[in-house]
Number of protein chains: 2
Amino acid sequence: MTSTPPPLDATQLGAYFALIEASSLLKHSVEQQLRDAGDLSYVQFQLLATLGDSPTGSRRMTDLADGVVYSRSGLTYQAQTLEKRGLVTRSQSSDDERGVTVTITEEGRAVLAEVFPGHVAVLDDLLFAPLTRADVETLADILARARDHMRQTPPRSAGARRRKKAAAAD
Amino acid sequence: MTSTPPPLDATQLGAYFALIEASSLLKHSVEQQLRDAGDLSYVQFQLLATLGDSPTGSRRMTDLADGVVYSRSGLTYQAQTLEKRGLVTRSQSSDDERGVTVTITEEGRAVLAEVFPGHVAVLDDLLFAPLTRADVETLADILARARDHMRQTPPRSAGARRRKKAAAAD
DNA sequence: ATCAGTTGCTTCGAATCCGAAGCATTTGAC
DNA sequence: GTCAAATGCTTCGGATTCGAAGCAACTGAT
């Protein structure tokens, strides 16, 4: 029974659709450029960029997955792929025996450098071209707030593993 | 020709990352809700919603694919899936022998109605909660401009087939 | 120390996705 | 009319994705 009429007005719908469409279109174009320039998928680029941004060039798997909004298993797959191509190395974390530290290689940095200018060019052409400086600032502010809110609002059934015990007092 | 890395300033980077992260996080949560509420993927929901929005309840495949930012083959797959579940029907277009018209069924509308309130709830909780009314208006305006720009800016290296203008009458 | 619970990552199976190739129809040029 | 190119969609093959289950290591309490 749909007893609750949609409390979304036209403006909200517009913002929602525009958000989804814009990010989809942008992602598609970026993906194409990355594929052409360095044979990288978007996730792979994100991973390399995240690693390259780190002072040590390394991160733990979980941190990577969280940063990129990705599943653990998907990250394992991509990390393996990147390792096979020699763009990253994987090693046991020093303090935690079961932790895996991923580190970008020189080769990885090279690919990153290869791809980056084109990446930026796509962003300039598609995203920033029709926007003023003030628009970009405003956009960054609003979306950052939304993102932060989502980050700290736990999905109803994701994130932590289901607790089997203590079900009664959950 | 990669001699001039166009620099992105902090604000631009912030806007870009926030856009990607926010849309990713939102999409993930929405996907979960749709899966739980009606066993629909996000694309499937988008398709049903698009069809439901049409006065006739029908659209041609290509128009659907464009609207949802999806590959043709992916759309074929999803249309088949939805047809198997009885949520849409597919039939030959009247004026074009090779065109396929997809139409939402009563069952499809029912599922849509079933899922919609929860969908809206997620949007309210995650996207709109931390934003003011003015924020939403601004966001809609800016992103709509960006989206429109992307829509009419063809991918530079895409050897995609040229597509003509679609008929306005529906 | 030991046990149960938690966490980090991987493996597994299945679903989904895309691009390229293919088929059928339409369009445009001649 | 006929042919070549363009268009609409599907099929095919392969890559990517996720959740669930599994294994190993850490933690805290006893």
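Owing to the predicted nature of the structure, the values given are computational and were not obtained by experimental measurement. All chains are named by letter (A, B, ...) in the order of the sequence lines, taking the proteins before the strands, and each is independently numbered beginning at 1.
- At the phosphate of C:dT25, neither OP1 nor OP2 sits under 4.0 Å from any side-chain N or O atom of B:Gln92.
- Between the side chains of B:His119 and A:Tyr16, at least one donor N or O lies within less than 3.5 Å of an accepting N or O.
- Each of A:Met61 and A:Arg98 was assigned the nucleotide of DNA chain C with the nearest heavy atom; the assignment lying further toward the 5' end belongs to A:Arg98.
- Looking at the side chain of A:Arg60, the nearest of the listed nucleotides D:dT11, C:dG8, C:dT26 is C:dG8.
- Atom P of nucleotide C:dC17 and atom CD of B:Gln46 are separated by 10 Å, given to the nearest angstrom.
- Between A:Ser41 and A:Asp95, the residue whose closest nucleotide on DNA chain D is further toward the 5' end is A:Ser41.
- Note on A:Thr62: only backbone sugar-phosphate atoms sit closer than 4.0 angstrom, heavy atoms only; bases stay farther off.
- A:Thr138 and B:Thr138 share no donor-acceptor pair across their side chains, judged by distance under 3.5 Å alone.
- Closest approach to the B:His28 side chain among D:dA25, D:dC18, C:dC18 is made by D:dC18 (side chain taken as heavy atoms from C-beta onward).
- Remark: C1' of D:dG8 and OH of B:Tyr70 are 19 Å apart, rounded to the nearest angstrom.
- For the residue pair A:Asp135 and A:Thr132, a side-chain donor N or O sits within less than 3.5 Å of a side-chain acceptor on the partner.
- With distances taken from any side-chain atom of B:Tyr77 to the nucleotides C:dA15, D:dA25, D:dT17, the minimum falls on C:dA15.
- Annotation: of the two residues near DNA chain D, A:Ser73 and B:Val100, the 5′-most nearest-nucleotide partner is B:Val100.
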